[in-house]
Amino acid sequence: MGKSTGLAVRYALVVLSYVTLSPTLLSAPAFSVPRESGRESEQTSARIPFTQRYHSVQRGGIVRAANSAITCQVAHDPAAASCAEVQRGAQEGVNGDFDMLYTDVDDDPNTYNSSRAELALPAHSRVSYARLYWGGNLRVGEQKPPKDNGRVLFAEPGGEYKEVLADTPVAHRTAGGSDAFQASADVTPLVRQSEAGRYTVAQINVAKGHSAVGAWGGWTLVVAYENEQQPLRNLAVWDGFETLGAAGRTQSVKLAGLDIPAGATGRAGVVSYDGDRSVKGDALSVTTGRFRPVSLSNSANPANNVMNSTITDFGRPVIKRQPDYVNTLGYDSDVFDLKPALSHGGDSLNFRFSAESGEYFLGALFVQADSRR
């Protein structure tokens with residue numbers, strides 16, 4: 001699983017084309033996704049405002065698979081916990097304390113980083129929409145060139161690598177010692193055909209080594225699905241690239257035009273970068289209609305440290321991953337329980353992200369909530 005093939009192999013999914021590749025990508029067929037509104041993947045922006053990517057009211061839900069692309073190797077700071085302790089979840093372990101090395105779980109000599117995660121879909125489901133997000137830090141002990149930010153290798157369960165190209169402008173911001181980016185692509189046809197199972201993502205353009213800021217990076221596959229056996233729900237995916245940090249900047253994302261009944265259930269997922277376990281002050285709340293804000297937190301994501309290098313669902317590590325480090329050292333892909341905020345119902349959801357100290361980068365928000373219509 002997750003082996004690259006020669007250029008003679010062609011995978012016709014939407015439109016197949018070949019591009020000029022860097023040497024590490026030469027072994028994979030190119031999978032071009034549709035461009036949106038004529039925009040090219042080569043476009044970059046230091047800040048991308050959050051906008052709605054997908055919305056539907058249907059019977060079904062939203063699931064995701066996710067993993068990090070880099071981990072600790074040896075402690076750079078003598079006072080730091082051991083790498084093994086940090087990988088198991090040591091609370092004070094942060095990426096700036098370590099020399100960092102790529103995770104590489106495939107047996108392909110042409111890839112230098114790769115990781116897997118299982119996408120779980122309920123039986124009798126049909127994929128409505130699937131989007132792959134990836135990102136990381138280009139500047140650590142080495143400086144990676146940004147030209148490959150918009151390219152990754154992607155393998156479906158039991159399949160071979162295809163090169164996926166970003167289909168929207170790539171976020172790229174250099175500040176505070178980091179060189180951060182996020183890219184994404186619509187991969188609906190491939191995931192609809194392949195359905196549930198372990199997906200592999202390789203060649204995320206992240207740097208290894210050590211710096212005070214630290215190395216970080218990872219990927220999340222967000223999937224909306226239809227299933228007639230499930231309740232009617234609002235399903236929404238929003239994305240952008242916003243920096244939150246010590247300046248006290250907040251970010252709000254409002255989902256309007258909803259019809260959420262009282263006592264509804266729901267969940268909200270967040271993708272973010274460079275959230276550290278030992279840095280407190282980042283928080284997430286949601287307001288339903290005119291009611292008071294409700295803090296979104298759980299046992300793995302405290303109310304004052306929500307972005308803390310975890311991949312969890314309702315506070316538990318549910319996704320089967322390879323590797324399955326508890327502390328991802330700078331990558332968050334977490335799902336929170338929305339039910340406490342939905343007791344009164346309402347016609348809108350307003351998510352508020354904040355940070356009092358430390359800097360993190362917000363990349364995506366995905367939501368499901370019961371609907372009356």
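Small disclaimer: the values here were computed from a predicted structure and weren't measured.
Among the candidates Leu349, Val286, Thr265, the single residue satisfying the side chain to side chain contact (heavy atoms under 4.5 Å, CB included) test with Leu342 is Leu349. Partner of Phe154 under the ring pair (Phe, Tyr, Trp, His ring centres under 6.0 Å) criterion, chosen from Tyr199, Trp219, Tyr161: Tyr199.
In this structure, a donor-acceptor pair under 3.5 Å is absent between the side chains of Asn113 and Asp104. For the 3.5 Å distance criterion, the side chains of Ser309 and Asp332 fail to qualify, holding no donor opposite an acceptor. Using modelled atom types, one finds no donor on one side chain facing an acceptor on the other under 3.5 Å when comparing Thr287 with Asn350. Side-chain contact check for Asn298 and Asp337: no donor-acceptor pair (N or O, by modelled atom type) lies under 3.5 Å. Neither side chain, Asp239 nor Thr51, offers a donor N or O lying under 3.5 Å from an acceptor on the other.
The environment of His76 atom NE2 is sparse: at most 12 non-hydrogen atoms of other residues, nucleotides or ligands sit within 6.0 angstrom.
Under the 4.5 Å side-chain criterion, counting only non-hydrogen atoms from C-beta, Thr188 is not in contact with Val191. The closest side-chain heavy-atom distance from Glu242 to Pro49 is below 4.5 Å. Put simply, the side chain of Leu296 does not reach to within 4.5 Å of the side chain of Val306, judged on heavy atoms.
Rounding to the nearest 0.5 Å gives a distance of 13.0 Å between CG of Asp324 and CZ of Arg116. Taking OH of Tyr360 as the reference point, atom OG of Ser272 lies at 6.5 Å (rounded to 0.5 Å). The line from CD1 of Ile70 to NZ of Lys208 is 9.0 Å long, rounded to the nearest 0.5 Å.
Ion pairing between a basic and an acidic side chain is recognised when a charged N comes within 4.0 Å of a carboxylate O; Glu359 and Arg173 show such pairing.
Scanning both residues, Phe336 and Val270, for their nearest heavy atoms gives CE1-CG2, 4.3 Å. Between Pro157 and Ala196 the shortest heavy-atom distance is CG-O, 3.7 Å. Residues Tyr133 and Trp238 approach most closely at OH-O, 4.4 Å, considering heavy atoms.
Relative ring orientation between Tyr54 and Tyr129 is described as parallel, the plane-to-plane angle staying below 30° on a 0-90° scale split at 30° and 60°. Under the 30°/60° scheme for interplanar angles, the aromatic rings of Tyr273 and Trp216 are found to be tilted.
The backbone N or O of Asp186 sits less than 3.5 Å from a side-chain atom of Asp167, completing a donor-acceptor pair. No donor-acceptor distance shorter than 3.5 angstrom exists from the side chain of Asp97 to the backbone of Ala80, with no hydrogens or angles considered. The main-chain N or O of Gly93 is found under 3.5 Å from a side-chain atom of Asn327 such that the two form a donor-acceptor pair. Without hydrogens or angle criteria, Asn308 side chain to Ala300 main chain gives a donor-acceptor distance under 3.5 Å.
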Are Ile319 and Arg64 close enough, and set up right, to give a side-chain contact (heavy atoms from CB on, under 4.5 Å), and what steps lead you there?
CA-CA 9 Å; Ile319 298 176; Arg64 63 90 171 76; 3.0 Å; yes
